Amino acid sequence: MDNKSIYQSLGISPKIYDFGNEILLSLKDRFDNIDKIAEINQCKVISAMQKNKVNATHFSASTGYGYNDNGRDVLERVYADTFHCEAALVRPQITCGTHALSLALSANLLPGDELLSPVGAPYDTLEEVIGIRNSVCSLKEYGVSYRQVDLLADGSFDYENIKKAINEKTKVITIQRSKGYQTRPSFSVKQIGELIAFVKGIKPDVICMVDNCYGEFVETIEPSDVGADMTVGSLIKNPGGGLAPIGGYICGRQDLIDRCGYRLTAPGLGSEVGANLGILTSLFEGFFLAPTVVAGALKGAVFAANIYEKLGFKVVPNSTESRHDIIQAVELKSPQRLIAFCRGIQAAAPVDSYVTPEPWDMPGYDSQVIMAAGAFIQGSSIELSADGPLREPYAVYFQGGLTWYHAKLGILMSLEKLHQEGLIDLKGGNK
Ligand SMILES: *Cc1c(COP(=O)(O)O)cnc(C)c1O
């Protein structure tokens, strides 16, 4: 059986297969570059594992208090060394990315301190953490104030107003690497380094935290390599490699990470407690696989950008831009197309492929939202997933794919659905 017929047996018509293949031929250099980055990151992870003499005893389960959990401590050393940091907190007790960010902030901001975001509005869920939207237990409720400097119209940093915003109360700045669900560009690690240097030039002791969600292993350096004091993310995104069933991480300066440990558990206890509950193999192995998993997801994103740009849609990032995270947005311009796209992604999933995603009224959103995901780990967005609000410009945001081949199938299937329903013209010029 050749490739075309196996795809046909999965529901991809020869016409769509050929269309995709034609585009793939032009992506060889891009893919080679992605592989090169993955190779460097793979070596970084292996080197950290070797340096810390990872062995089978480090995979044992601990329960109860989790005192002297050597495997847990070695995993944290492996993260710290890969990110070139003094320390790391990597725990299943950190329940998600928002929790990790909230922990890093609340451990290091005291009443009277101010938090500054020099890159515009933070990720949705942080609005309640900070208290931008009133919320019980927010930083605001504890007497921490917040200031924000928006990006300039071209997406660059507003250095002049950032300088003005820094004052004697400014204790922490938060920089979000990925655009998340905004339309601004994602920042390169180099850009983040420039911003950190600028801020520290004004106030050297300010603590710089980077929300690294979706960014890990996309480049060969991480924010921690360019001066970030805390680098924070979720294990059900990039660094969990698809195997981590739960967790978050904070890497950075020893004194700041110590405080995060005390905030996570209790003053006096800190990171000494916290049983691993038997998931350490998944956390080690997932981290080991993460560079290649991220590479597969990136190939999918680049493939999709090129397909949909060729068809005449606006894609962010565009087909040729360099990548700083794994998210791809495509402005599909109609609700029918958004729905068909998501149904294609769902139909290509290894899990729940038979269900049909429907738009629904998701709490906290002012329009209906449609989501597609057929994941082994619930809610995991390093696995192939897509979603978007049903409003102009009907943009779908999609990310992930544990393997490039699955990402490819998902993207071809989305195209197949759009084509079957007569919603696109393969010759381009779609509006
Ligand atoms: C996903 C994400 C978060 C929050 O992570 P959750 O695990 O969903 O809580 C925060 N910031 C960015 C940029 C993200 O992509």
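Only this structure's heavy atoms are used, side chains among them; waters, hydrogens and symmetry mates stay out. Note that the coordinates shown come from a computational prediction; the quantities given were computed from them, not determined experimentally. Atoms within each ligand, like the ligands themselves, are counted from 1 in listed order.
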Euclidean distance, L235 CG relative to C96 SG, rounded to 0.5 Å = 11.0 Å

message = Please determine whether a side-chain nitrogen of the Lys or Arg among D158 and K164 lies less than 4.0 Å from a carboxylate oxygen of the Asp or Glu.
response = no

Salt bridge E358-R343, side-chain N to carboxylate O under 4.0 Å = yes

Heteroatom proximity flag, [X] to ligand 1, N/O under 3.5 Å:
X    : answer
G180 : no
K237 : yes
T98  : yes
D211 : yes

Side chain, backbone, both or neither: the part of R177 lying under 4.0 Å from ligand 1 by heavy atom = neither

request  = Assess K171 against Y142: is NZ or CZ under 6.0 Å from the centre of the six-membered ring, and within 45 degrees of the ring's axis?
outcome  = no

remark   = closest protein heavy atom to atom 7 (O) of ligand 1 is G97 N, 2.8 Å

message = Tell me if the centroids of the rings in F157 and F198 come within less than 6.0 Å of each other.
response = no

note = Note: ligand 1 atoms sitting under 4.0 Å from heavy atoms of Y214 are 15 (O)

Atoms of ligand 1 close to Q176 [distance to a heavy atom under 4.0 angstrom, numbered from 1] = 13 (C)

remark   = Residue set satisfying salt bridge (Lys or Arg N to Asp or Glu O under 4.0 Å) with E416, at least two apart, ordered chain then number -> none

task = Name all residues meeting the side-chain hydrogen bond (donor to acceptor under 3.5 Å, both in side chains) criterion together with K163; count only those two or more places apart in sequence or in a different chain, and write none if there are none.
result = none

Proximity flag L101 to ligand 1, non-hydrogen atoms under 4.0 Å = yes

